[in-house]
Amino acid sequence: MKKVTAIIKPFKLDDVKDALLEIGITGMTVAEVRGHGRQKGHTELYRGAEYNVDFIPKTELSIVIPSDQVDAAVEAIRTAANTGKIGDGKIFISAIERVVRIRTGEENEEALS
Amino acid sequence: MKKVTAIIKPFKLDDVKDALLEIGITGMTVAEVRGHGRQKGHTELYRGAEYNVDFIPKTELSIVIPSDQVDAAVEAIRTAANTGKIGDGKIFISAIERVVRIRTGEENEEALS
Amino acid sequence: MKKVTAIIKPFKLDDVKDALLEIGITGMTVAEVRGHGRQKGHTELYRGAEYNVDFIPKTELSIVIPSDQVDAAVEAIRTAANTGKIGDGKIFISAIERVVRIRTGEENEEALS
Amino acid sequence: MNSSGFDVFFLTMGAAMVLAMHAGFAFLEVGTVRKKNQVNALVRVITDFGFSTVAYFFIGFSVAYGINFFAPVSELNNIGDASNGYEMVHFFFLLTFAAAIPAIISGGVTERIRFWPNVLASVILVALIYPFYEGLIWAGNFGFQAWLNSTFGAEFHDFAGSVVVHAMGGFLAFGAVFMLGARKGRYTRDGRVNAILPSNIPFLALGSWILCVGWFGFNVMSAGNAEGASGLVAINSLLAMVGGLLAALVAGRNDPGFVHNGALAGLVAICAGSDIVHPVGALSIGIVAGVGFVYGFQLIQTRLKLDDVLGVIPLHGGAGLWGGIAAGIFGSTAMGGAGGVTFMSQLVGSLTGVSIAIAGGLLVYGAIKTTMGLRLSEEDEYMGADLAIHQVSANPEEDMGA
Amino acid sequence: MNSSGFDVFFLTMGAAMVLAMHAGFAFLEVGTVRKKNQVNALVRVITDFGFSTVAYFFIGFSVAYGINFFAPVSELNNIGDASNGYEMVHFFFLLTFAAAIPAIISGGVTERIRFWPNVLASVILVALIYPFYEGLIWAGNFGFQAWLNSTFGAEFHDFAGSVVVHAMGGFLAFGAVFMLGARKGRYTRDGRVNAILPSNIPFLALGSWILCVGWFGFNVMSAGNAEGASGLVAINSLLAMVGGLLAALVAGRNDPGFVHNGALAGLVAICAGSDIVHPVGALSIGIVAGVGFVYGFQLIQTRLKLDDVLGVIPLHGGAGLWGGIAAGIFGSTAMGGAGGVTFMSQLVGSLTGVSIAIAGGLLVYGAIKTTMGLRLSEEDEYMGADLAIHQVSANPEEDMGA
Amino acid sequence: MNSSGFDVFFLTMGAAMVLAMHAGFAFLEVGTVRKKNQVNALVRVITDFGFSTVAYFFIGFSVAYGINFFAPVSELNNIGDASNGYEMVHFFFLLTFAAAIPAIISGGVTERIRFWPNVLASVILVALIYPFYEGLIWAGNFGFQAWLNSTFGAEFHDFAGSVVVHAMGGFLAFGAVFMLGARKGRYTRDGRVNAILPSNIPFLALGSWILCVGWFGFNVMSAGNAEGASGLVAINSLLAMVGGLLAALVAGRNDPGFVHNGALAGLVAICAGSDIVHPVGALSIGIVAGVGFVYGFQLIQTRLKLDDVLGVIPLHGGAGLWGGIAAGIFGSTAMGGAGGVTFMSQLVGSLTGVSIAIAGGLLVYGAIKTTMGLRLSEEDEYMGADLAIHQVSANPEEDMGA
Ligand SMILES: Nc1ncnc2c1ncn2[C@@H]1O[C@H](COP(=O)(O)OP(=O)(O)O)[C@@H](O)[C@H]1O
Ligand SMILES: Nc1ncnc2c1ncn2[C@@H]1O[C@H](COP(=O)(O)OP(=O)(O)O)[C@@H](O)[C@H]1O
Ligand SMILES: Nc1ncnc2c1ncn2[C@@H]1O[C@H](COP(=O)(O)OP(=O)(O)O)[C@@H](O)[C@H]1O
């Protein structure tokens with residue numbers, strides 16, 4: 001199993017969620033994060049004084065899925081989260097060795113979904 | 001070493017923490033997240049208008065531990081976080097290659113705890 | 001590629017960010033978390049009644065980088081985040097198998113930075 | 001002893017209390033809108049107040065009452081029979097009513113209206129449309145009251161402005177909301193309403209409390225001078241407020257928004273007849289207003305598909321109209337009231353106000369829409385009026401990370 | 001010149017100020033409870049006010065003063081010797097006192113009481129128990145004052161209600177809090193107190209400020225008519241407030257909750273004697289009240305194990321009782337006061353009030369507990385009264401994610 | 001009919017309104033500072049008020065007016081020609097002005113000043129420095145007014161305290177801010193200003209609204225008795241407020257902080273001449289004050305590098321000075337005013353006040369700095385005054401996780 005973690009623009013969350021649901025991925029966990037990257041620190045003016053915005057609000061979406069769904073998931077996220085502008089975000093894929101459903105004790109593939 | 005990440009119901013955090021402390025696991029990091037899964041979107045009515053609650057507040061607990069403690073930790077979390085109702089959450093296990101304690105520079109097993 | 005995740009004291013974030021920028025690491029994602037460890041629960045008094053502070057506010061910083069930059073990154077974080085006091089935090093390193101830039105579709109090393 | 005000083009004192013307190021109500025309007029709106037539009041709600045309400053003052057000072061007050069203040073101070077202090085500059089504090093008191101017009105409308109058009117077009121509309125309404133009807137009813141202009149009196153046996157009685165202020169504001173908002181269209185995402189493609197949840201109930205409640213307290217200045221000081229102050233007006237305002245809030249509590253099933261707005265609905269409805277109806281009549285008027293608000297609000301959002309964010313059409317328009325008519329029912333001696341009103345005068349007077357408001361609203365907001373545009377761009381609306389118009393959010397330290 | 005209009009003006013301002021105090025009660029509570037109970041605090045306070053009005057209008061006022069308003073308006077306007085409907089605004093003013101009873105209790109029972117049982121208790125207290133004691137003291141009913149006068153040489157002097165309103169409310173809360181039991185998690189199994197932290201200090205402070213300002217209406221307008229307004233009452237209220245806040249600042253080691261409540265403790269304590277004690281006496285009364293509140297609060301939560309959330313028993317009960325007695329000390333001419341009071345009358349009068357309150361509270365809340373139940377289910381208490389009773393949280397947009 | 005009771009009523013309302021303004025000062029500050037200093041802002045403002053009361057009661061009032069209250073109540077009730085204890089409510093009214101001095105300064109020194117040294121400064125200012133100048137101008141002490149009159153043809157006219165209160169407070173803040181130094185991180189090493197963003201715009205706006213409404217008590221009740229109440233004062237306050245807010249809206253490009261402070265700048269500036277200038281003059285005075293505030297604020301932070309957090313030097317100091325002088329311009333009959341003022345008296349009187357304030361501020365804060373220290377430790381400043389001084393944050397439940 002793999003964990004697919006996508007850092008996306010917050011207002012794209014609904015689109016990405018719908019895209020994933022469409023290909024049958026329903027389990028997901030979301031966190032509010034702040035990011036720094038190409039789209040980086042800028043300086044703004046407030047009442048004649050400067051301030052730096054170093055980190056930009058982003059949403060982190062994590063899904064743990066069977067390895068064979070990774071390509072479909074990446075594709076779905078990419079299409080839905082793309083605005084073509086800098087700061088659209090990244091997708092990171094890593095391995096998950098074991099999954100347990102707390103309620104039932106089911107493990108791995110059975111515990112997903 | 002392994003990272004054990006549990007997505008649980010927020011009001012279960014205290015119980016889970018106590019269960020982990022009991023088996024000697026003291027290091028842990030917690031984040032507020034929102035989740036979607038079997039316990040999914042429902043529609044509510046507010047002053048005659050509908051709204052969708054797509055994501056439900058969850059707590060994400062992460063512990064990095066020596067591999068041989070994983071089973072005990074999973075068991076402790078499962079027992080403490082279980083309410084028997086849908087949405088109790090999942091536990092994900094993945095590999096951690098290296099750990100460093102910032103203060104001392106100690107590495108790996110020594111850096112845990 | 002590796003993911004380097006550091007749990008640090010919140011007021012050290014700016015220093016750590018600057019240290020990373022200095023060695024050419026610009027992509028990073030930050031989340032507010034709460035932690036428990038050696039620096040653990042303490043009891044305070046409020047208007048004659050006790051309360052327990054079990055979790056302490058921490059900042060979680062994640063960077064995904066080519067494997068050969070890990071040592072430099074760990075060093076930079078350690079130096080910048082160190083106050084010498086308990087609770088300075090930990091650094092966890094794990095493997096990332098694949099990275100995708102949402103905007104362009106670039107993969108892996110190209111997608112970093 | 002010279003009584004003008006006391007009357008100045010009396011109206012200063014009244015004016016200060018109704019001025020405070022504008023803060024109430026602001027916070028009721030801040031609490032009801034989404035967080036990204038809180039700053040704009042605050043700035044828009046105080047700005048509207050500012051421009052209303054200028055418009056009413058230079059134009060509106062003389063449209064309504066034929067009085068202006070373009071003379072040296074020594075003369076100003078003695079306009080009319082009064083001394084101590086009574087007419088100037090009287091202006092202040094009446095201005096706080098006039099400025100309520102844009103403050104009422106604000107709750108309907110919030111979260112999507114552009115800044116300066118909104119200011120322009122406020123100026124036109126306070127300089128011309130409101131004072132026209134105000135003068136018709138309260139200054140006897142154009143013989144309208146005389147005609148009602150000779151035709152239906154009494155003048156149109158609107159003691160503190162159920163119709164002159166509230167129905168006028170509420171139905172002007174109809175035109176504004178209609179011309180603006182609904183907030184993005186308010187209705188689904190197949191026509192169902194999506195709830196857009198309020199940001200902050202304590203601020204909403206704070207706004208309501210400020211309005212409730214200030215209202216006793218609105219109503220009691222409408223007597224115009226201390227000698228005329230009436231305990232009946234005070235108790236009736238109280239009982240109508242209570243009737244409104246309790247009825248909305250039950251009809252709205254404990255919803256905090258309905259309860260706190262229900263109190264206001266009762267107060268809107270009692271303005272017209274507060275000096276003539278019996279306290280038990282006032283309680284009844286309030287109950288009807290409270291229930292009416294709850295159902296009117298839902299009707300307007302689901303059936304009429306008007307995105308009236310705070311529900312100002314049912315709150316000020318609906319309850320105001322009901323108040324104008326109710327004074328003709330509960331004010332009669334048959335109902336234990338003080339008499340001197342007729343049902344037909346109340347009905348005709350109220351509907352005249354409503355008609356002027358609907359026509360005026362469609363006209364003014366329609367004209368601005370076609371000439372300069374009324375509405376924020378889609379992107380600005382998404383981002384929120386705070387950042388789009390004011391470059392700052394409601395909690396800058398937290399939101400804009402320094 | 002007719003003075004009734006001025007008196008109506010005078011009492012309207014007083015009533016509006018004390019009405020505003022109810023917003024103060026609401027925000028003091030909103031700030032002190034946990035976030036999941038903020039909406040309920042707001043709705044409960046305004047609802048209690050509504051039902052109190054109905055109860056006092058139809059029953060309570062005639063229990064206390066033998067006056068009712070079931071006559072045509074023309075007669076109502078001239079009840080007693082007054083004109084301008086003076087008695088009706090007098091009712092309004094006194095109602096805002098009566099309605100303070102449930103508002104005071106609210107701070108003790110919050111975060112766990114059921115909605116309608118609470119309403120029922122409020123109605124019984126405001127219709128019967130409060131007016132019974134009120135009439136005893138302020139209307140001379142049942143010869144109690146006459147008896148005190150002949151026995152101890154003076155009537156019981158409670159100018160603005162340290163005992164009639166505050167001790168009454170505070171000790172009624174004793175019964176309510178006792179019957180309800182502590183919030184879940186308030187005490188550990190081995191009997192230590194767990195702190196339950198307040199949600200919002202700015203709202204708490206806002207509530208306190210509103211109460212402080214409104215209190216000058218509570219005290220000064222207790223003269224009943226403009227001619228009787230007294231500068232001594234004003235300065236004494238000021239100095240007692242200041243004494244209370246400074247003493248609580250020091251005793252409470254800079255805690256914002258203690259400071260802002262200390263000001264209120266001073267004001268509670270000065271009500272009774274504000275028209276007779278010397279300003280320096282008032283300062284002293286306030287200082288004692290402020291220190292007393294801080295220690296009383298801690299004593300009640302740790303020793304008596306009563307979970308009185310806002311500390312209304314020490315704040316209104318303790319300081320109110322102290323105020324009733326203190327008027328008998330500092331009001332004497334020996335202490336520079338105006339005299340006309342005796343220590344024994346003050347003591348007996350105060351303790352009578354406290355006894356009625358304790359008995360009444362245990363009776364009313366005990367009866368409701370056994371018949372319909374007083375307390376939220378454990379699950380509802382955990383979830384919070386906001387979602388359990390009102391289906392909405394304090395920040396719906398943020399909390400309920402739309 | 002005895003008029004003292006009415007005057008007591010009149011001043012009670014004025015005093016209550018200006019007392020409320022202190023809540024306004026508190027919330028304006030709460031909204032503008034960072035979240036970690038909100039509690040401290042609240043506690044500091046109410047504590048300053050408390051100590052100011054004590055200082056002015058025991059010392060300040062007799063410094064200014066030679067009146068004290070160390071006599072039995074029976075005599076106190078009849079000081080001067082008055083009855084009903086008029087002088088005591090007069091004290092209360094004037095105290096609320098005196099206590100504005102530390103409340104004004106508070107906005108400049110916030111986020112870094114130590115608690116007790118700040119209290120000490122407040123006490124000295126309210127006991128001695130402020131009443132010295134107050135007595136000079138308003139009680140005719142030391143022949144200063146007589147000298148101005150004989151030299152420049154008129155006394156210095158400062159009806160409601162543009163200079164006596166506001167310029168005094170604002171320029172005292174200059175010394176305080178100068179002695180304290182800038183907040184950590186406010187200026188970069190190469191001298192550029194870093195913005196420190198405000199925490200909460202709705203609270204800022206709430207503070208401003210409370211101040212605006214209360215100001216009508218500040219100005220209108222400055223007449224001292226009901227008979228002297230003047231409608232001109234009311235309308236002028238209104239128009240200056242509006243001029244200030246609209247000008248700041250435009251000059252500050254829709255920034256909510258500028259708009260809401262602009263209204264206050266207009267009100268500061270109109271105090272001096274509100275009883276003599278023409279309403280159109282008042283509007284102009286307000287416009288200048290509003291624009292002046294926006295540019296003055298930026299100038300002080302960028303050029304003078306004074307870290308005056310809320311901008312009290314331009315707001316109270318700058319606009320107050322302008323108000324003192326403007327009364328000499330717009331008050332003349334040539335400008336439609338009531339006359340009786342001369343430009344030179346206004347200029348000299350105002351500059352005298354400013355000089356006393358600057359000297360006094362440097363002296364008092366300088367002395368405290370060298371003896372006991374003024375400023376929080378770096379660590380405490382970083383952690384925030386809330387936790388450092390009060391051991392509690394603004395949202396304890398959320399921040400301190402129980
Ligand atoms: N190497 C990285 N490690 C962790 N997070 C990253 C990394 N690079 C980018 N991010 C996250 O992705 C977000 C978007 O990246 P950015 O470089 O700004 O734009 P783009 O995705 O268009 O290249 C960043 O704000 C940050 O949260
Ligand atoms: N495949 C997944 N990937 C990431 N998070 C998941 C996944 N499945 C579930 N979750 C998280 O676990 C929570 C509980 O899962 P859910 O399916 O609702 O109930 P249950 O755990 O009882 O099966 C979800 O709200 C979500 O946060
Ligand atoms: N085993 C662990 N797994 C996950 N997070 C940990 C672990 N140990 C520590 N942490 C995180 O690191 C923070 C600092 O650790 P702590 O033991 O308090 O001090 P130190 O880093 O100085 O040893 C904790 O608050 C927690 O967030």
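Throughout, protein chains are lettered first and strands after them, A, B, ... in sequence-line order, and every chain is numbered starting at 1. Side chains are part of it too, since the values below use all heavy atoms of this structure and drop only hydrogens, waters and symmetry mates.
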Whatever's closer than 4.5 Å to a heavy atom in chain E on Ile210(D) counts as neither
With chain E, the option among Cys212(D), Gly217(D), Gly244(D), Pro198(D) that has the most non-hydrogen atom pairs under 4.5 Å is Pro198(D)
Rounded to the nearest 0.5 angstrom, the OG-CE distance for Ser208(D) and Met241(D) is 8.5 Å
ring-ring contact (aromatic ring centres under 6.0 Å, His included) test vs Tyr56(E) passes for just one of Phe92(E), Phe49(E), Phe93(E), Phe91(E), namely Phe91(E)
Parallel under 30°, tilted from 30 to 60°, perpendicular over 60°: which one fits the rings of Phe218(E) and Phe97(E)?
parallel
- Is there a donor in the side chain of Ser237(D) and an acceptor in the side chain of Asn219(D), or the other way round, less than 3.5 Å apart? yes
Separation between CD1 (Ile329(D)) and CE (Met335(D)), nearest 0.5 Å, reads 7.5 Å
Turns out that what part of Leu232(D) lies under 4.5 Å from chain E's heavy atoms comes down to both
Margin query: Salt bridge check, Arg34(E) against Glu111(E): does any charged N sit closer than 4.0 Å to a carboxylate O?
Written below: yes
Residue from Ile235(D), Val280(D), Leu239(D), Val259(D) scoring the most non-hydrogen pairs under 4.5 Å with chain E is Ile235(D)
Okay, Ser74(E) and chain D: the region with an atom under 4.5 Å from a heavy atom over there is neither
Scored by heavy-atom pairs under 4.5 Å with chain E, the best of Asn225(D), Asn200(D), Asp255(D) is Asn200(D)
Heaviest contributor of heavy-atom pairs below 4.5 Å to chain E, chosen from Leu249(D), Val220(D), Asn194(D), is Leu249(D)
dist Glu87(E):CD -> Phe69(E):CZ (nearest 0.5 Å) comes out at 6.5 Å
Bottom line for Ser393(E): the part with an atom under 4.5 Å from chain D's heavy atoms is backbone
Under 4.5 Å to a heavy atom of chain D? For Phe51(E) that would be both
Rounded to the nearest 0.5 angstrom, the CE-CG distance for Met383(E) and Leu376(E) is 9.0 Å
Turns out that what part of Met13(E) lies under 4.5 Å from chain D's heavy atoms comes down to side chain
Okay, Val277(D) and chain E: the region with an atom under 4.5 Å from a heavy atom over there is backbone
For Cys271(D) and Ser274(D), the nearest pair of non-hydrogen atoms, with its separation, is O-OG, 3.4 Å
Under 4.5 Å to a heavy atom of chain D? For Phe9(E) that would be both
When the 4.5 angstrom heavy-atom criterion is applied to Ala15(E) and chain D, the contacting part is neither
If one checks every heavy atom of His22(E) against chain D at 4.5 Å, the contacting part turns out to be both
Between the CG atom in Leu264(D) and the CH2 atom in Trp215(D), the distance rounded to the nearest 0.5 Å is 5.5 Å
With chain D, the option among Asp7(E), Val39(E), Ile46(E) that has the most non-hydrogen atom pairs under 4.5 Å is Ile46(E)
Bottom line for Leu283(D): the part with an atom under 4.5 Å from chain E's heavy atoms is side chain
Looking only at Asp386(E), Val43(E), Leu19(E), Asn77(E), most heavy-atom pairs under 4.5 Å shared with chain D are made by Leu19(E)
Note: Ala248(D) and Gly290(D) closest approach over all heavy atoms is CB-O, 4.0 Å
Given Pro202(D), Gly14(D), Ala205(D), Ser230(D), the one with more heavy-atom pairs under 4.5 angstrom with chain E than any other is Pro202(D)
In short, Glu134(E) meets Ala64(E) closest at the heavy-atom pair OE1-CB, 3.4 Å
Turns out that what part of Leu206(E) lies under 4.5 Å from chain D's heavy atoms comes down to side chain
Residue from Ala16(E), Ala41(E), Gly85(E), Ala23(E) scoring the most non-hydrogen pairs under 4.5 Å with chain D is Ala23(E)
